[in-house]
Amino acid sequence: PKNKMAVQTDIATQDSMGFQGFTLVTSTAAQSSGYIALQIVSAAVFTSISGTGITGTWSGTTIPAGFTIVGRISSFQLASGSVIAYFARP
């Protein structure tokens, strides 16, 4: 059997590769499924974004296409643009 550290490493690797799945978000409705990354598809402006260690004012800041925000993201809301939202492990 694998030791605990090896299992945690496997989980982290799977999460970083989108193992839990992902969804394209183009709506301005609040999203709150829990995410590990947001990949910007078309230039995006966030109304809000929250999660572990996420600080600052996001409204009015345009994030360019191709940029990826990584972290424990509990919820976000777009004002404009689109993102691929990678689901976090439940």
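Position 1 is the first residue of the sequence, and the numbers go up from there.
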With side chain to side chain contact (heavy atoms under 4.5 Å, CB included) as the criterion, how do I73 and I49 come out once you've worked through the C-alpha distance, each side chain's angles and the decisive distance to 0.1 Å?
CA-CA 7 Å; I73 302 161; I49 183 170; 4.1 Å; yes

Positive for side-chain contact (heavy atoms from CB on, under 4.5 Å) with L78, one of T26, V25, L38, T47:
V25

List the atom of A43, the atom of T62, and the distance in Å for their closest heavy-atom pair.
CB-CG2, 3.9 Å

Between the CD atom in Q77 and the OG atom in S50, the distance rounded to the nearest 0.5 Å is 10.5 Å

Do I84 and V41 make a side-chain contact, defined as non-hydrogen atoms from C-beta onward lying under 4.5 Å apart?
yes

Can you check whether I54 reaches F76 side chain to side chain, under 4.5 Å on heavy atoms?
no

Q39 side-chain N/O to A37 backbone N/O, donor-acceptor pair under 3.5 Å
no

Of all the heavy-atom pairs spanning S82 and S42, show the shortest one and how long it is.
OG-OG, 2.8 Å

Closest heavy-atom pair and its distance - F87, Q20
O-CB, 3.3 Å

What I'd like to find out is whether the side chain of I63 reaches to under 4.5 Å of the side chain of F46, using heavy atoms alone.
yes

If hydrophobic clusters are built by linking Ile, Leu, Val, Met, Phe, Trp and Tyr wherever their side-chain heavy atoms come under 4.5 Å apart, do F22 and L24 end up in the same one?
yes

Spacing of Y86 atom OH and Y35 atom OH [to the nearest 0.5 Å]
13.5 Å

